[in-house]
Novice: 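Sharing a structure with you now.
Order of the sequence lines sets the chain letters (A, B, ...), proteins ahead of strands, with each chain counted from 1. As the structure is a computational prediction, the values presented were derived from the model and not from experiment.
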Amino acid sequence: MSTSSPEIPKNFDPNEVEDRLYRQWESNGYFHARTDTGSRPFCIVIPPPNVTGVLHIGHALDHGLQDVLARFKRMQGYATLWLPGMDHAGIATQNVVERELRSQGLSRHDLGREKFVERVWEWKHLYGNRIGQQMRRLGASCDWSRERFTMDEGLSRAVRKVFVDLYDEGLIYRGNRIINWCPRCETALSDIEVDHSEHEGRLDRFRYELEDGSSSVTVATTRLETMLGDTAIAVHPADERYAAIVGKWVVHPFSGRRLQIIADDAVDPEFGTGAVKITPAHDLNDFEMAERHGLEKVNILDTKAQVNSEGGSFEGMDRYVAREAIAGKLTELGLYENRSPHSYAIGRCSRCHTIVEPWLSDQWFVKMQPLAEPAIAAVQEHRTRFHPARWTNYYVNWLQSIRDWCISRQLWWGHRIPVWYCDNGHTFACMEDPTACPECATEKIVQDADVLDTWFSSQLWPFSTLGWPEQTEDLKTFYPTSVLVTGYEIIHLWVARMMMSGLRFMDDVPFEWVYVHGIVRDAEGRKMSKSIGNVIDPLELVDQYGADALRFTLIEHATGQDVFLSTEWVSGSRNFVNKMWNAARFALTQGGRAQVGPLPPRDRMELSDRWILSRLARAVTEVTERLDSFEVSVAARAVYEFIWSEFCDWYIEAVKLRLSSDDTQAAEDARSVLVHVLDQAMRLAHPVMPFVTEEIWRMLPIEREEPTIMLSAWPVPEPEWSDTPAEEDFVRIQQAVSALRSFRSEYGIDPKIRLRPLVTSADSDVLEAVSRDAGLICRLAGLDELRAVPSLEGDAGARLLTGGIELLVPLEGLIDLGAERERLAKLVDKANIEIRKIEKKLDNPGFIGKAPQEVVAEQRRRLGEERSKVDKLQVQLEVLNSLPGPGEGPA
RNA sequence: GGGCGUAUAGCUCAGGGGGAGAGCGCUUCCUUGACACGGAAGAGGUCCGAGGUUCAAAUCCUCGUACGCCCACCA
């Protein structure tokens with residue numbers, strides 16, 4: 001047997017291993033999902049990252065979780081598909097390419113629509129696959145042969161069909177309404193593309209004079225410039241202050257327009273002056289009021305939020321320049337009254353953070369309520385379930401208060417709206433590009449210039465990626481998908497919409513489960529952002545610690561709460577990876593490379609073998625159950641506990657003795673158990689740490705049914721592995737060893753001094769078991785010998801009590817008697833506290849009567865144990881007290 | 001204005017109706033043949049507060065406090 005094996009390095013080197021293994025996995029087609037095996041399907045579609053994006057730490061968590069589930073189910077024999085892909089990300093991508101153009105002094109208008117879109121495609125082909133390459137570095141087991149992009153031909157067909165169907169049904173309509181307008185991107189935005197934040201602004205007050213000159217009315221506004229588009233003044237119907245002037249008219253000081261004073265319940269008499277200026281083209285409330293009262297809607301801003309010709313002398317000014325100019329002009333006219341600080345929420349474009357303007361324009365909308373109702377019902381009927389369940393309410397509440405969705409965008413990059421207008425005023429939507437109007441046959445037709453909101457295509461992702469509207473094998477096999485894994489921030493943006501479209505077009509929910517995870521933040525709990533400069537690059541962590549270490553760290557902390565990532569954790573995980581590596585190195589260098597046979601029969605097994613197999617059975621059950629219920633962090637910890645605290649700390653130490661035994665059968669049996677457990681442990685750890693487990697697994701001297709651990713069978717415990725008596729016996733050994741080590745440490749006894757304690761137990765079976773494994777205790781606790789005796793006579797030794805056994809360590813002048821007395825007295829105190837606690841419980845008749853019998857029995861057992869501990873300790877104290885003082889200790 | 005989450009060891013966090021846990025940090029010891037990215041032994045918690053349910057509450061319920069997050073068209 002070789003004593004060292006130079007070809008296995010002491011430290012695991014992830015950089016050497018990861019790339020090599022991943023390429024093998026990919027080129028051997030291990031990620032490829034088959035539809036012809038008859039196995040049960042398991043499918044996850046990736047939340048498609050933006051094509052402009054680079055992998056950030058949030059992706060690492062999201063993808064890590066998906067990969068854990070995919071690898072787990074694949075090993076369990078499911079036909080597993082993890083489908084990757086990317087989103088064309090309309091505004092974001094267009095912005096990136098426009099920025100690039102600008103650096104060359106060009107705008108998209110210089111190129112024209114067609115050339116610009118070509119340019120974006122070029123960009124996509126050049127840079128669009130960065131995330132795919134980065135995902136490979138993390139070990140993502142995606143089926144790259146099925147990679148999809150929302151602008152692919154097939155997915156575009158799906159988008160078109162959905163639009164046309166909804167249009168024909170009347171669920172898509174065109175309307176002149178208030179939408180959120182980004183003056184920088186020059187496009188409409190949906191409500192959820194607007195981020196709201198508190199803004200320290202001001203409230204301006206000014207006066208409108210009544211037409212008849214009799215009096216005036218003062219209004220308050222945070223957006224003074226909108227007064228250019230005022231078409232009425234509103235007050236509350238019950239407001240006494242204004243009752244006399246309701247129905248009268250004021251005159252606009254700049255345009256001369258007449259504005260009527262109207263009464264409407266929507267006015268809050270408590271706010272400002274109780275009189276509101278009404279600007280229907282620039283405020284949603286005002287718009288609705290205008291609809292009720294038939295008011296004129298005057299749009300005063302252009303697409304860049306500059307004042308248009310409706311603004312008279314203010315034309316051409318930016319909205320904020322106009323605000324000050326108007327304040328000045330009103331002051332000149334003596335109409336301006338005052339201003340006060342006022343904080344309120346403003347909306348910003350979620351892409352470029354420009355303040356959005358509520359703006360009246362012609363846009364396309366989807367009527368949401370008829371789609372939302374089935375989506376609510378599906379979740380209430382548990383056809384789709386959320387984990388954790390609390391997100392159910394969030395989802396339902398959002399859908400219940402949903403408003404129509406503005407889907408048109410004034411962009412060039414995206415799915416063009418498949419609607420045409422003819423010269424004779426007809427409008428139609430169709431699947432194939434038309435050459436003439438279907439109603440009047442004129443060939444003078446023009447397509448709508450706008451494109452669709454990016455989310456219009458992403459909402460179809462669970463079925464468009466599987467081939468819909470074609471009835472493909474993939475679609476039949478994998479829809480509905482099994483789990484959608486995502487952060488909670490896009491439940492409303494994306495999950496709800498997929499539910500609605502899936503139910504409408506596939507007549508079934510898109511996924512059985514929605515597994516919602518938290519956001520990765522920095523160690524202080526702040527969101528990572530480029531402006532704070534606290535962004536952690538996952539690939540730097542991979543370079544430094546390895547992909548397995550990063551994955552383990554993120555999975556271990558994926559408890560449903562946000563993850564406050566500290567890089568120190570990653571180095572801890574790296575240590576764990578290395579620990580596994582060295583456990584394997586031990587098995588191979590100390591055990592040899594010859595193939596092991598099957599597990600030895602139980603009667604040839606030692607206690608430690610039966611113990612580790614029993615613990616393995618528990619670990620397998622625990623990890624499997626936890627993964628099945630999405631408690632991935634608990635599963636990861638269970639793997640960690642088993643491998644480090646049980647297999648490495650105890651089993652490897654226990655087996656060393658036998659591995660080098662002269663008894664070749666015993667040595668071979670030990671090696672067999674060692675390698676088998678290692679094999680199973682690697683499989684358990686593989687979903688979380690794919691690289692190191694594969695590398696180790698391939699080195700193991702075992703018979704393999706598959707060339708890769710990826711496709712090896714997920715562990716299922718053999719019934720005979722479970723062995724409670726072995727666990728109980730082994731716990732006693734652990735306790736004895738710990739007690740002896742603790743004793744030695746407490747007294748600072750040199751590790752080189754070999755102790756020779758005596759051991760006994762009131763239970764003869766226990767004593768027999770202990771003496772059978774005395775050799776193991778000696779090795780682990782550094783003893784010369786451990787002699788089993790029927791009872792411990794009152795010797796001048798230190799008495800250690802653990803579980804069911806008693807140890808007596810002869811003092812032999814090693815320790816201070818006074819110190820030993822103190823130690824024992826402390827133990828007595830501690831035991832007495834426990835005794836009182838347990839007695840109190842047992843004295844309670846309610847406890848005896850109502851608590852389960854096992855619980856009562858357990859308390860009685862513990863009481864007995866503590867009492868006998870006190871008895872024995874007191875006997876020992878008396879012995880010590882009867883001895884001569886320090887310096888006169890026994891020879 | 002609504003809704004949600006979290007309060008457990010110095011720090012970061014798991015767990016969870018019946019003996020308080022991990023990692024990191026700290027103290028002491030150990031270069032013992034897998035591993036110093038390691039081993040051993042320790043110190044360190046009225047499990048936020050107050051009520052309630054229960055034989056039993058750190059755990060379940062209610063209220064409160066603190067912090068955090070999300071949603072929202074108050075001019």
Side-chain angles (χ1 to χ4, degrees), chain A residues 3-5 8 10-12 178 191-192 196 203 219-223 226 234 266-268 270-273 275-279 283-288 342 344-345 347 358 390-391 393-394 397-398 401 403 488-489 491-492 518-519 523 525 527 545 549 553 556-557 559-566 568-569 571-590 633-634 637 640-641 645 648-649 652-653 656 660 737-738 741-746 748-752 781-782 834 837-838 841 844-852 854-856 858-859 862:
Chain A
T3 51
S4 73
S5 190
I8 304 178
K10 217 155 105 173
N11 286 335
F12 178 67
I178 297 274
D191 294 339
I192 47 191
H196 294 273
L203 200 57
V219 293
T221 177
T222 54
R223 288 154 64 218
T226 61
V267 179
D268 174 5
E270 304 292 317
F271 189 90
T273 62
V276 195
K277 56 188 269 314
I278 300 302
T279 321
D283 183 281
L284 188 60
N285 281 320
D286 293 3
F287 177 83
E288 286 166 0
H342 182 64
Y344 57 100
R390 64 184 142 91
W391 294 108
N393 284 339
Y394 176 80
N397 291 343
W398 192 78
S401 56
R403 285 181 296 167
Y488 54 77
E489 72 275 18
I491 289 177
H492 56 297
I519 290 174
K527 263 190 182 172
Y545 300 109
T553 302
E556 189 198 3
H557 290 89
T559 58
Q561 299 300 327
D562 286 351
V563 180
F564 294 6
L565 182 69
S566 150
E568 286 161 21
W569 293 348
S571 89
S573 303
R574 184 269 320 266
N575 295 353
F576 176 45
V577 169
N578 200 235
K579 186 78 179 176
M580 301 197 318
W581 180 251
N582 276 288
R585 192 160 151 265
F586 167 79
L588 294 168
T589 56
Q590 307 299 310
S633 69
V634 185
R637 278 164 201 260
Y640 182 98
E641 273 296 306
S645 309
C648 291
D649 284 354
I652 286 185
E653 293 307 319
K656 277 176 181 169
S660 52
V737 169
S738 295
R741 284 171 176 169
S742 180
F743 170 78
R744 190 193 281 277
S745 169
E746 204 165 336
I749 299 171
D750 191 311
K752 290 188 188 70
E834 273 309 301
K837 270 166 77 176
I838 303 170
K841 267 188 189 177
N844 181 348
F847 177 69
I848 304 292
K850 298 191 181 176
E854 318 83 83
V855 174
V856 177
E858 170 67 7
Q859 296 301 319
R862 283 186 51 216

Novice: Looking at U28(B), I'd like to know if its phosphate oxygens (OP1 or OP2) sit under 4.0 Å from a side-chain N or O belonging to Ser745(A).
Specialist: no
Novice: Is Lys752(A) near enough to U32(B) that one of its side-chain N or O atoms lies under 4.0 angstrom from OP1 or OP2?
Specialist: no
Novice: Would you say A75(B) has OP1 or OP2 under 4.0 Å from some side-chain N or O of His342(A)?
Specialist: yes
Novice: What does G64(B) pair with, Watson-Crick or G-U, if both distances are under 3.5 Å?
Specialist: C48(B)
Novice: Would you indicate, yes or no, if A14(B) has its OP1 or OP2 atom less than 4.0 angstrom from a side-chain nitrogen or oxygen of Thr559(A)?
Specialist: yes
Novice: Looking at Lys10(A), I'd like to know whether one of its side-chain N or O atoms comes within less than 4.0 Å of OP1 or OP2 on A36(B).
Specialist: yes
Novice: OP1 or OP2 of G19(B) versus the side-chain N and O atoms of Lys841(A): is any pair under 4.0 Å?
Specialist: yes
Novice: Does G19(B) have its OP1 or OP2 closer than 4.0 Å to a side-chain nitrogen or oxygen of Arg862(A)?
Specialist: yes
Novice: Ignoring backbone atoms, establish whether His557(A) has a side-chain N or O less than 4.0 Å from OP1 or OP2 of G23(B).
Specialist: no
Novice: Asn285(A) side chain N/O closer than 4.0 Å to the phosphate oxygens (OP1, OP2) of C74(B)?
Specialist: no
Novice: Using 0.5 Å steps for rounding, measure from the CZ atom of Arg637(A) to the OG1 atom of Thr559(A).
Specialist: 8.0 Å
Novice: Please confirm whether any donor atom in the side chain of Arg574(A) sits under 3.5 Å from an acceptor in the base of C37(B), or the reverse.
Specialist: yes
Novice: What about Gln561(A), does its side chain sit under 3.5 Å from the base of A14(B) through a donor-acceptor pair?
Specialist: no
Novice: Rounded to whole angstroms, how far apart are CD1 on Ile491(A) and P on G5(B)?
Specialist: 13 Å
Novice: For Arg403(A) and C73(B), is the shortest distance between a side-chain N/O and OP1 or OP2 below 4.0 Å?
Specialist: yes
Novice: Which of parallel (below 30°), tilted (30 to 60°) and perpendicular (above 60°) describes Tyr344(A) and His342(A)?
Specialist: parallel
